Amino acid sequence: MCGRYTLRNSKAVKEKHLLNIDVSYNIAPSQQVLTQTSSPTFMNWSYNPNWAKTPMNLINARSETLNVKPSFKMAKRCLIVADGWFEWLRTNHSKQPYFFHMNDDLLSFAGIYTEYNGEKGCAIITKESTKHLSEVHHRMPVIIADDDADSWLSGEDVFDSKLSENIDYYPVSTIVNSPRNNNIDCIKQISTAI
DNA sequence: CCAGACGTTGTT
DNA sequence: GTCTGG
DNA sequence: CCAGACGTTGTT
DNA sequence: GTCTGG
């Protein structure tokens, strides 16, 4: 799935979105994140159906059930601007974080959002991992190619970008585990043999 | 019909 | 164990 | 997603 | 708001 990601390439964001951003090596749920709707929009990474009496604070939504679940019926669509994400490989007694990326290219995650209590909040759409990524984790974010951006935003379910095949990954320090840590060490490759 | 849930992840 | 905060 | 808190009283 | 369970 995707519960932590990065946005490091401020130069690319400036070129593409005409926006100066604070880079982050460790974007966590409940933070304000950069998305694209009809224009660049900052919103809370935390999604709630607009009828929810108590907040659900969802951070992911399964692509498989996007058009089925009542909680997503009223969702509007966005793209979430990123350039990498983290997954944790769970083994018997340890959790090893891995960083997934396409060098420092920008990635667009498929997202949905609502306005809840007067604030926009979003979730990242997930799908079954492609084969080469599934060794670490069986879910991954839906990545939208630039050519498909308008299709996604206008209601088309483009869940199978070829970009998924170009993703690389490597293990990183558990420094990234704490959302309080936000520096380049979060994405520094470590040896697998610890 | 009304009441009550509505989601994801992983883990058991 | 479970919820909240980041 | 993971980390870290999780409670009450009264007093300062 | 809308679906499922009783």
Side-chain angles (χ1 to χ4, degrees), chain A residues 1-8 21-35 42-78 80-101 107 109-130 133-143 157 159 167 169-183 185-188 190 194:
Chain A
M1 52 124 13
C2 184
R4 214 72 79 74
Y5 68 94
T6 62
L7 186 54
R8 306 158 284 149
I21 52 143
D22 293 327
V23 301
S24 180
Y25 298 92
N26 201 349
I27 298 172
S30 80
Q31 294 180 359
Q32 289 295 117
V33 298
L34 176 61
T35 73
F42 286 92
M43 56 178 88
N44 190 9
W45 182 11
S46 183
Y47 174 96
N48 289 288
N50 50 19
W51 42 255
K53 290 190 185 77
T54 55
M56 294 171 82
N57 296 326
L58 303 177
I59 64 169
N60 293 135
R62 294 174 68 91
S63 55
E64 296 91 334
T65 55
L66 189 61
N67 301 307
V68 182
K69 299 290 188 181
S71 293
F72 304 138
K73 280 276 157 69
M74 76 302 296
K76 291 179 240 176
R77 291 178 169 210
C78 64
I80 294 167
V81 183
D83 54 20
W85 77 94
F86 300 95
E87 304 283 5
W88 280 259
L89 175 63
R90 290 155 182 276
T91 53
N92 289 337
H93 285 291
S94 68
K95 256 184 322 190
Q96 174 60 52
Y98 282 76
F99 181 54
F100 291 74
H101 64 93
L107 300 169
F109 296 150
I112 54 172
Y113 73 99
T114 57
E115 195 157 324
Y116 184 71
N117 290 340
E119 188 187 16
K120 290 189 176 76
C122 62
I124 295 172
I125 309 300
T126 66
K127 64 175 204 169
E128 196 67 22
S129 287
T130 52
L133 303 186
S134 62
E135 290 181 18
V136 176
H137 197 81
H138 71 108
R139 304 291 297 174
M140 67 179 288
V142 170
I143 297 169
D157 287 346
F159 294 146
I167 300 294
Y169 64 87
Y170 56 75
V172 294
S173 158
T174 53
I175 283 174
V176 73
N177 286 15
S178 174
R180 304 179 63 160
N181 296 327
N182 186 348
N183 58 62
D185 289 340
C186 291
I187 64 162
K188 188 174 161 194
I190 63 163
I194 308 163

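Quick caveat: nothing in here was measured; it's all calculated off a predicted structure. Just so you know, these numbers use all the heavy atoms, side chains as well, and skip hydrogens, waters and symmetry mates. Just so we're on the same page: letters track the sequence lines, and every chain starts at 1.
When the C1' atom is compared between B:dT9 and E:dC3, the two are found 23 Å apart, to the nearest whole Å. Rounded to whole Å, the separation between the C1' atoms of B:dT8 and D:dC1 comes to 11 Å. Using atom C1' as the reference point in both D:dA3 and B:dG7, the two lie 22 Å apart (nearest Å). Rounded to whole Å, the separation between the P atoms of B:dT12 and D:dC2 comes to 14 Å.
Ring centroids of A:Tyr98 and A:His137 are separated by 6.0 Å or more, keeping the two rings apart. Taking the ring centroids of A:Tyr5 and A:Phe109, they lie under the 6.0 Å cut-off.
Spacing between atom CH2 of A:Trp88 and atom P of D:dC2 amounts to 6 Å, rounded to whole angstrom units. One interatomic measurement links the two molecules: NZ of A:Lys73 to C1' of E:dT4, which rounds to 12 Å at whole-angstrom precision. Between the CH2 atom of A:Trp85 and the P atom of D:dC2 there is a distance of 16 Å, given to the nearest Å. Here D:dC1 presents its P atom at 22 Å from CD1 of A:Ile187, a figure rounded to the nearest Å.
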Scoring nucleotides 5-12 of chain B by protein non-hydrogen atoms under 4.0 Å (B base, S sugar-phosphate only, - none) yields -BBSSSS-

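In this structure, of C:dG6, D:dA3, D:dC1, it is C:dG6 that holds the atom nearest to the side chain of A:Ser30.
Residue-environment remark: NZ (A:Lys127) exceeds the threshold of 12 foreign heavy atoms within 6.0 Å.
Residues meeting the side chain to side chain contact (heavy atoms under 4.5 Å, CB included) test with A:Ala110, sequence neighbours left out: A:Ile125, A:Val142, A:Ile144, A:Trp152.
Taking the six-membered ring where tryptophan is involved, the planes of A:His101 and A:Phe99 are essentially parallel, since the angle between them stays under 30° and well short of 60°.
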Dot-bracket assigned to DNA chain C with the 3.5 Å Watson-Crick/G-U criterion, [ ] for crossing and | for other-strand pairs, is ||||||

